Amino acid sequence: MVRKERTLRERRQQRQRSLAAIRKKNAEYASVLADPKSRFKSATTATTTKSSIKNYLQRPYDNFSSIASTLRQAYTNSGVVGRVIDYYQAHPAYNYSIFPVLGNKNYEVEPKMQQDYVDIAYGLNQLNIPFYAPYFFKETLIEGVSFFYKIEDSTGIGYMKFPGEWCRITNIENGVYRFRIDMSKIKQEVYDALPNELQQAYDTYHGGNISDDDQNWYDRKWYYVSDSGVAFTFDPNSLINGGVAISPFAAALADSLSLDQAKENIDIKDKLDTVRLIHSKIPTDSNGEPTLPLKTAKVFDEQMRSRLPEGVVAVTSPSTLSNIPLKGAGTEGNYETVNNGLEQLFYDLGTSAPLFGSNTTSSNIVKESVKKDANWVYTNLFPMLENYYNYELTKIKTQSKVPWNIKFIRQSNFTLKDDIANYKDQLSYGGSRLDYLAACGFSPIEVVSQLSFEQQVLDIDSLMVVKPTSNTISSKDAKNGVKGPTINNNPNKGNVGRPVTDNPTDDTDRLDDAQ
């Protein structure tokens, strides 16, 4: 009995130690992806002057980090820039399907490929595409090029983002951009948060053990990151521009600052329009000399100023003050300047102003603008994401060894109903049912899990029986009086055609007469 209690106690202690080890591992995994001290934040400051932006844009690739920092600040401070970037990020539905690439070989389709589908679907589910893909898109829109490192363990997959000034794109493999990182930019304080690969590179760099013929290094400080690192950019010319790129919205920065200045001018004008002056005249003699001691006048002036409401200014002087109204003293065209600035900013961003509430003479302008923006996303974003995730699929082992590819469904959240209808219409001509399910929002893992569970476990078709109505009965069945089988001696349950009812209608009478 004592031995049994000791065994149970030891097992309990072992479980507690295992649980503590798991929690410690999860905490370490989370600490790698978290950066509460902003140690991985870009050190480049944003500019606030239009002249600086113009200088940056004259040599954009030499000032890519400054442009990225300024655009990130504009995303936060400028309502127009921020909303347009959010609009593009929300455009794609990020729905996807998968398919095997059979090629010219003879493959055993059954039963191995059914399990292959499950394995591939599960692997993509671990990548958490609906969460990370919009994040990749947004960061790339702001910075022009974004650098990520994939961190994976048994609990899931996460991505660590590096500042743009630390990294450079080095090459492209099957459409996937790879990069190198400047180890001289990495400080000791971030060492513990780095992945193991980069910790080893840090030790090698500071240990001075880099040889000239080491293929993992360039110029003795740039480390070529493994396939766990990936870069995203919409500019294929980044490979010939030093491995950097700028945002497609960079041209809007100058107009964004001009718009901010125009808004400040309106604030100044509004203040001038509301200012009121009160003049307290000091009495003087015939020679114009003040008859009131200046110290006494100062006391009167201070007392008057302390009791005046905001927007009223006191003036104390022995001279006569002319009445000069300040209303309308500001530039009358300031509001027009702001409106023109807004139109120019939307033009630079490539988005229709009526889409964000501006005046328009036709709703078709907005619809066509949405389609145009969606086509830009389909052309630039989806191929880049497909290339990356196709590479990740090659790491998933399958029984049949057939390669698999991912395909993002070309649909937008702003035209979702029409896009789903197009895929539904294709089913009549032999279109893919998996693509249709993907367009409806089903991921591959949901197709194999949820739909199989509904049909095989719940037998949901027997639970959700379509109730017969006048729309489901054919004229032939109505004429021949076909009632169909009954279920549980209930003449209304399971009948084919119109159900029997105690509340007949005109349609019921006509059907009964036809019999």
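Position 1 is the first residue of the sequence, and the numbers go up from there. Note that the structure is a prediction, hence the values are computed from the model and not measured.
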Using the ring centroid of each side chain, check whether F136 and Y159 are separated by less than 6.0 Å. yes

Considering only NZ, NE, NH1 and NH2 on the basic side and carboxylate oxygens on the acidic side, decide whether D435 and K407 come within less than 4.0 Å. yes

Which distance, rounded to the nearest 0.5 Å, do you find between the OH of Y205 and the CH2 of W222? 11.0 Å

Looking at F179 versus F147, is the centre-to-centre ring distance below 6.0 Å? yes

Q215 atom CD: more than 12 heavy-atom contacts under 6.0 Å: no

Counting only N and O atoms by type, is there a donor-acceptor contact under 3.5 Å from the side chain of D182 to the main-chain atoms of S184? yes

Set of residues satisfying side-chain hydrogen bond (donor to acceptor under 3.5 Å, both in side chains) with respect to T170, sequence neighbours excluded: none

Between F414 and Y87, ring centroids under 6.0 Å: yes

Should we say atom NZ of K185 is surrounded by more than 12 heavy atoms from elsewhere, each under 6.0 Å from it? yes

Which residues satisfy the salt bridge (Lys or Arg N to Asp or Glu O under 4.0 Å) test with R72, sequence neighbours excluded? E139, E143

Quick check: do T140 and F234 have side-chain heavy atoms less than 4.5 Å from each other? yes

Ion pair present between E386 and R410, side-chain N to carboxylate O less than 4.0 angstrom? yes

Go through the structure and list residues passing side-chain hydrogen bond (donor to acceptor under 3.5 Å, both in side chains) with T398, not counting sequence neighbours. none

